[in-house]
Amino acid sequence: MNLEERINNDLRQAMLKKDEAALRGVRAIKSAILLAKTEKDSSKEINEETGIKLLQKLVKQRKDSLEIYDREKREDLAKKESEEIEVIERYLPQQINNEELTIILKKIIAVAEAKTSRDIGKVMGIANKELAGKADGKTISVIVKQLLTE
């Protein structure tokens, strides 16, 4: 079952259960899929890689909004954003923890023969391809910088 089919099924389930948080999250995903399918250069089918990127983008948008709402002390809006993040993350692959991520990044650094912080771009290119959907780009960047400045 592809992402679009899962979303349609889960949308029906959320409607039947009257789960407002799930309904908002799933509708956001469905909307993003429809937008992606109607873009000029897109194929009509959303593959797994495109779906993961789309979901990561939705989570990132909501995390940015959540940060703003927390800073402005808008608990009501922050709660909605965190609920949607939780719903959207259900469709992403299991995230790698920081210890595993550090081990993988050390291997990538060795393969890329990176020695200094000037080589961050080279490492990030490989890491982002290899860890797509399994780790947040911001987390990858922070760990790579730490490893290359040691």
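By convention here, the first residue in the shown sequence is residue 1. All heavy atoms count here, side chains included; hydrogens, waters and symmetry mates do not.
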Check your understanding: Salt bridge between Asp64 and Lys60, side-chain N to carboxylate O under 4.0 Å?
Key -> yes
**Study point:** Residue pair Ile7 / Glu4, side-chain heavy-atom distance below 4.5 Å
**Key:** no
Practice item. Report the distance from atom CG of Leu23 to atom NZ of Lys18, rounding to the nearest 0.5 Å. Key: 11.5 Å
**Study point:** Side-chain donor or acceptor of Ser31 paired with backbone N/O of Arg27 under 3.5 Å
**Key:** no
Practice item. Answer yes when Glu81 and Lys63 have at least one side-chain N-carboxylate O distance shorter than 4.0 Å, and no when they do not. Key: no
Exercise for review: Apply side-chain contact (heavy atoms from CB on, under 4.5 Å) to Glu83 and list each qualifying residue two or more places apart in sequence or on a separate chain.
Suggested key: Ala21, Arg24, Lys79
**Study point:** Salt-bridge contact Arg74-Asp76 (side-chain N to carboxylate O under 4.0 Å)
**Key:** yes
Point to revise | Contact summary for Ala28 and Leu58, nearest pair of heavy atoms | key: O-CD1, 4.1 Å
**Study point:** Distance-minimising heavy-atom pair for Val87 and Ala22
**Key:** CG2-CA, 3.7 Å
Check your understanding: Which residues pass the side-chain hydrogen bond (donor to acceptor under 3.5 Å, both in side chains) test with Lys30, sequence neighbours left out?
Key -> Asn8
Check your understanding: Would a 4.5 Å heavy-atom cut-off, applied to side chains only, mark Glu84 and Glu89 as touching?
Key -> no
Check your understanding: Quick check: does any side chain N or O of Asn2 sit under 3.5 Å from a backbone N or O of Glu5, one acting as donor and the other as acceptor?
Key -> yes
Review point. Can you tell me how far the CD atom of Gln61 sits from the CD1 atom of Ile85, to the nearest 0.5 Å?
Key: 11.0 Å
Check your understanding: At their closest point, which heavy atom of Glu130 faces which heavy atom of Lys134, and how far apart are they?
Key -> O-NZ, 4.3 Å
**Study point:** Donor-acceptor under 3.5 Å (Thr149 side chain, Lys145 main chain)
**Key:** yes
Point to revise | Distance, nearest 0.5 Å, that separates NZ of Lys57 from CZ of Arg62 | key: 11.0 Å
**Study point:** CA sep, side-chain torsions, deciding dist, call: Ile88, Val26, side-chain contact (heavy atoms from CB on, under 4.5 Å)
**Key:** CA-CA 7 Å; Ile88 295 167; Val26 173; over 6 Å; no
Revision key, fill the gap. Rounded to the nearest 0.5 angstrom, the NZ-CG distance for Lys17 and Asp10 is 8.5 Å
Review point. Quick one: do the Arg6 and Asn9 side chains pair a donor with an acceptor below 3.5 Å?
Key: no
**Study point:** Connected hydrophobic set around Leu101, excluding itself, where side chains approach under 4.5 Å
**Key:** Ile96, Ile104, Leu105, Ile108, Ile109, Ile120, Val123, Met124, Ile126, Leu131, Ile140, Ile143, Val144, Leu147, Leu148
Review point. So do Leu54 and Leu35 actually touch side chain to side chain, heavy atoms under 4.5 Å?
Key: no
Exercise for review: Count the heavy atoms belonging to other residues, nucleotides or ligands that lie under 6.0 Å from CD of Gln94, then report whether that count exceeds 12.
Suggested key: no
Check your understanding: Say you draw a straight line from NZ of Lys53 to CG of Asn47; how long is it, rounded to the nearest 0.5 Å?
Key -> 8.5 Å
Review point. Side chains of Ile52 and Tyr91: closer than 4.5 Å at any heavy-atom pair?
Key: no
